[in-house]
Novice: 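There's a structure below that I have some questions on.
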Amino acid sequence: MLLDQFLVCGLGSLGQHCVVALKQFEVSVIAIDKNLPQDWEFSHLPDLLDNLLVGDCRQISVLEQAKIQQCRAAIIVTSNEQVNAETALAVRKLNPKTRLIVRSSKKNLNELLSQHLGNFVAFEPTQLPAPAFALAALGTETLGLFHLQGQWLQVVKRTLSPTDRWCNNSTLYELNTHKRRILYHTSGATSLSKAFHEWEPDTRLMPGDTIVYIETIKPTSTNSKKLVRNTWYNPWHLLTTLKHLNWLTIKQQFITFLRKSDENRFKQLGIICGVIVSFLLLLGTVLYQLSYPQISLIDAFFTSMMLLLGGFGDLFGGFNFTLPVPFWLRFISLGMTITGTILVGIFYSFLTERLLAARFQLNKRRPPVPQKDHVVVVGLGRMGQGIVEILQEFNQPLVGITLNTDFDMTILPEMPLITGSLKRSLSKANLQTAKSVVVVTDDEMLNLEVSLMAYDANPESNLVIRTTGLSLSDNLAELLPNAQVLCVYAVVAEAFAGAAFGENIINLFRVDHKTILVTEYQIEAGDTLNGLLLSEVAYGYGVIPILYQKETEMPKLMPSEDISLVVGDSFAAARSADRMVVLATSDGLQRIEQGSAIATSKTWQVHITKALTEEAQFEGANVLVRISGCSLNTARTVMKNLPETLHVPLYKHQAQRLIIELAKAQVTAHLLRTDSP
């Protein structure tokens with residue numbers, strides 16, 4: 001029988017953060033490490049552990065000492081991916097039911113292990129938080145962007161201006177639609193609350209208010225933008241160019257071309273050779289046509305072409321000529337052959353140089369460094385490359401800086417790239433006019449140095465810094481209060497811990513230093529969520545349901561709060577389970593895991609005063625059943641004995657929504673506060 005016991009293999013920085021994240025769920029945690037850390041990142045961490053073993057986590061005997069047979073999940077996060085894979089195999093050999101959460105960047109291997117081991121999930125710590133870094137670098141209202149069921153969803157933080165269309169016109173309740181959900185709201189300069197739903201539905205939005213919401217959006221097409229840039233292929237552009245073409249402009253462009261720097265000498269030489277060959281070809285065609293009117297123009301053209309390609313011997317190889325050829329014409333033909341041979345050789349060398357440049361010097365084709373309003377990404381490891389790819393999807397001007405002398409220059413060919421010493425690279429990146437600077441090298445001290453240099457160069461830029469140590473993160477946050485300091489392991493540890501409880505962590509993003517996990521649940525018989533309305537899940541556990549799917553039906557984004565998660569009998573549950581995706585903090589996941597809803601907030605009832613018509617009385621009963629979850633008999637009884645109180649404890653948002661929906665059915669009601677849940 002499995003207990004609520006969890007195993008963490010590897011007590012590096014990530015492993016220690018995973019232990020702390022797991023202990024927030026109040027579970028038993030055992031850890032294994034081959035060599036204990038000299039300096040604990042969390043000084044009290046040994047006290048958090050129920051057992052600490054020193055040894056090789058791949059060994060069967062060590063895993064047995066850790067009571068792997070009683071472990072619900074094993075989080076394997078050593079710095080060696082081979083050790084992680086071997087440990088996963090050993091754990092599965094001893095316990096076929098333990099959930100495996102592995103640190104690994106081998107995508108193909110992870111898929112194979114998932115198929116063969118089952119109940120297996122793998123994360124790469126340097127890639128999982130890349131969207132959070134990229135969105136922080138944008139410095140825009142967008143806090144999160146992810147793909148779900150063929151639909152893009154974005155999380156937006158929006159501060160309302162006096163001219164905003166929502167100001168003085170909308171209440172928060174009205175903004176909750178089938179395409180949008182409100183997460184947070186605050187008035188003035190106060191900070192956002194720590195939990196969802198801490199806002200009043202009937203609040204009217206005013207200038208200066210800040211709201212955070214999630215909404216569905218249509219994917220942005222970048223193809224049209226690329227086509228606009230390629231104006232050479234635009235027929236209107238060609239017509240405009242030809243219209244303004246004259247001898248003066250041609251002369252100026254030719255002189256400018258000849259005065260270009262040495263880097264275009266091959267191109268200049270190739271064009272000059274092409275002009276000379278064309279002239280000789282035309283000259284030969286005219287001379288042979290004038291000398292021998294009886295031959296066709298095509299024959300004269302091919303005769304000249306043959307001479308330019310070295311065919312003098314083929315044409316004049318014998319002494320018996322069908323047509324007599326004057327000496328002067330033979331002399332010109334010989335000159336054409338010699339000149340053509342030289343020019344064709346130069347032309348071939350030009351083509352060879354261009355082919356070699358295309359094959360081995362792709363870095364020369366990179367675009368120039370932007371002049372302003374761009375993002376500078378310092379460090380192009382796995383995380384840096386992931387950040388750049390996301391920023392490119394947003395069509396964000398950017399420049400990459402790498403201090404790695406072995407960097408593969410074929411990576412990210414469409415991005416401006418700067419290499420060399422740190423000072424030289426930063427001076428070329430136009431830091432003074434950059435919008436954001438993202439510092440994500442693997443060296444924390446280098447990140448500190450670059451961050452301070454970037455701040456000195458441009459204190460107004462949006463500075464995003466990667467750290468792996470908690471102490472450095474705290475100290476940097478105090479030193480650079482306007483910078484966004486993200487501790488990678490602190491962010492991803494919450495995803496590892498959430499995955500340990502069997503949930504599928506789809507994505508994550510950050511809102512005011514809080515990590516929000518996009519988490520998928522399969523609702524089964526005996527689940528803590530079974531039998532609840534989505535409104536009870538949302539307000540009881542402090543999460544935001546954003547997707548619901550019933551058995552084989554189509555999934556619903558931003559589902560109605562009136563949907564019930566009742567699975568049915570055990571046979572049906574085994575055959576098919578409801579699916580739900582929520583936005584949740586680690587606190588929300590903990591409450592769902594323990595089945596400890598926020599019962600103290602379910603302290604509201606609705607007092608119904610009157611229904612204007614009989615139809616309103618009938619429809620009001622249906623509204624009571626749909627939103628409160630009470631029985632139809634109870635609802636009918638309440639509506640027949642007005643004024644009456646619906647004695648069903650509700651969450652405040654749930655009760656307020658019930659009053660609003662009753663008003664739509666021409667039934668008046670108001671809130672009542674109860675003393676106890």
Side-chain angles (χ1 to χ4, degrees), residues 126-127 130 133-134 136-139 260-267 353-354 356-392 394-468 472 476 479-480 483-486 488:
T126 60
Q127 293 176 345
F133 278 84
L138 286 174
K260 283 186 177 181
S261 59
D262 292 339
E263 63 183 7
N264 289 322
R265 288 302 182 193
F266 270 106
K267 184 184 293 185
E353 189 273 338
R354 300 307 298 171
L356 290 175
R359 174 62 181 86
F360 297 108
Q361 300 180 19
L362 288 175
N363 57 312
K364 291 184 178 181
R365 295 173 178 245
R366 293 181 182 272
V369 176
Q371 295 300 312
K372 62 179 181 178
D373 295 331
H374 55 288
V375 176
V376 181
V377 181
V378 184
L380 295 175
R382 286 198 188 106
M383 178 178 290
Q385 293 175 32
I387 294 170
V388 167
E389 290 172 357
I390 295 172
L391 292 175
Q392 287 178 333
F394 281 87
N395 295 314
Q396 174 65 47
L398 53 87
V399 58
I401 296 178
T402 179
L403 306 178
N404 181 10
T405 56
D406 297 328
F407 184 75
D408 186 354
M409 304 302 289
T410 62
I411 293 176
L412 303 170
E414 298 181 357
M415 177 193 67
L417 180 65
I418 301 176
T419 60
S421 65
L422 178 59
K423 289 185 178 180
R424 177 175 171 272
S425 298
L426 291 177
S427 64
K428 289 184 175 182
N430 297 326
L431 286 180
Q432 293 80 2
T433 56
K435 179 174 72 174
S436 299
V437 181
V438 184
V439 189
V440 288
T441 74
D442 295 332
D443 188 336
E444 283 200 315
M445 291 299 98
L446 180 59
N447 290 347
L448 174 60
E449 180 182 359
V450 174
S451 301
L452 294 176
M453 293 175 67
Y455 180 79
D456 291 340
N458 186 358
E460 302 300 323
S461 68
N462 182 29
L463 187 57
V464 185
I465 309 169
R466 169 193 177 181
T467 65
T468 55
L472 180 60
L476 262 179
L479 181 63
L480 304 172
Q484 300 188 60
V485 184
L486 301 182
V488 175

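Numbers for residues simply follow the sequence, beginning at 1.
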Novice: For side chain to side chain contact (heavy atoms under 4.5 Å, CB included), just list the numbers for Leu463 and Val439, CA-CA rounded to whole Å, side-chain angles, deciding distance to a tenth of an Å, and then say yes or no.
Specialist: CA-CA 8 Å; Leu463 187 57; Val439 189; 4.3 Å; yes
Novice: Do Gln371 and Thr433 come close enough that some side-chain heavy atom pair is under 4.5 Å?
Specialist: no
Novice: Taking all heavy atoms of Ala137 and all of Lys435, pick out the closest pair and write down the distance.
Specialist: O-CE, 4.4 Å
Novice: Show me the donor-acceptor pairs, under 3.5 Å and distance only, between side chains in residues 448-459 and residues at least two apart or in other chains.
Specialist:
from   : atom 1 : to     : atom 2 : distance (Å)
Ser451 : OG     : Asn447 : O      : 2.6
Asn458 : OD1    : Glu460 : N      : 3.2
Asn458 : OD1    : Ser461 : N      : 3.4
Asn458 : ND2    : Leu431 : O      : 3.0
Asn458 : ND2    : Gln432 : O      : 3.2
Asn458 : ND2    : Ala434 : O      : 3.2

Novice: Using a 3.5 Å distance criterion without hydrogens, assess whether the side chain of Ser436 forms a donor-acceptor pair with backbone atoms of Val375.
Specialist: no
Novice: Using 0.5 Å steps for rounding, measure from the OG1 atom of Thr441 to the CE atom of Met383.
Specialist: 11.0 Å
Novice: Answer yes or no: is there a side-chain heavy-atom contact under 4.5 Å between Leu380 and Met415?
Specialist: yes
Novice: Who passes side chain to side chain donor-acceptor pair (under 3.5 Å) against Glu389, sequence neighbours left out?
Specialist: none
Novice: Identify, with sequence neighbours excluded, every residue that meets side chain to side chain donor-acceptor pair (under 3.5 Å) alongside Asp442.
Specialist: Arg466
Novice: Which residue pairs pass the side-chain hydrogen bond (donor to acceptor under 3.5 Å, both in side chains) test with at least one member in residues 421-431, sequence neighbours excluded?
Specialist: none
Novice: Using the salt bridge (charged side-chain N to carboxylate O under 4.0 Å, His left out) rule, collect all pairs that involve residues 371-384, keeping only residues at least two apart or in two chains.
Specialist: none
Novice: Please set out all donor-acceptor pairs under 3.5 angstrom arising from side-chain atoms of residues 398-409, sequence neighbours excluded.
Specialist:
from   : atom 1 : to     : atom 2 : distance (Å)
Thr402 : OG1    : Asn404 : N      : 3.2
Asn404 : OD1    : Asp406 : N      : 3.0
Asp408 : OD1    : Thr410 : N      : 3.1
Asp408 : OD1    : Thr410 : OG1    : 2.7
Asp408 : OD2    : Thr410 : OG1    : 3.2

Novice: At their closest point, which heavy atom of Ala134 faces which heavy atom of Ile390, and how far apart are they?
Specialist: CB-CG2, 3.6 Å
Novice: Given 3.5 Å as the limit, does a donor-acceptor pair link the side chain of Arg366 with the main chain of Pro416, or not?
Specialist: no
Novice: Taking all atoms of both residues into account, what is the closest heavy-atom pair of Glu414 and Pro367, and its distance?
Specialist: O-CG, 3.3 Å
Novice: Less than 4.5 Å apart, side chain to side chain, heavy atoms only: is that true for Leu422 and Leu446?
Specialist: yes
Novice: Under the side chain to side chain donor-acceptor pair (under 3.5 Å) test, which residues partner Gln385, sequence neighbours left out?
Specialist: none
Novice: Any idea which heavy atoms bring His374 and Gln396 closest together, and the distance?
Specialist: CA-NE2, 4.1 Å
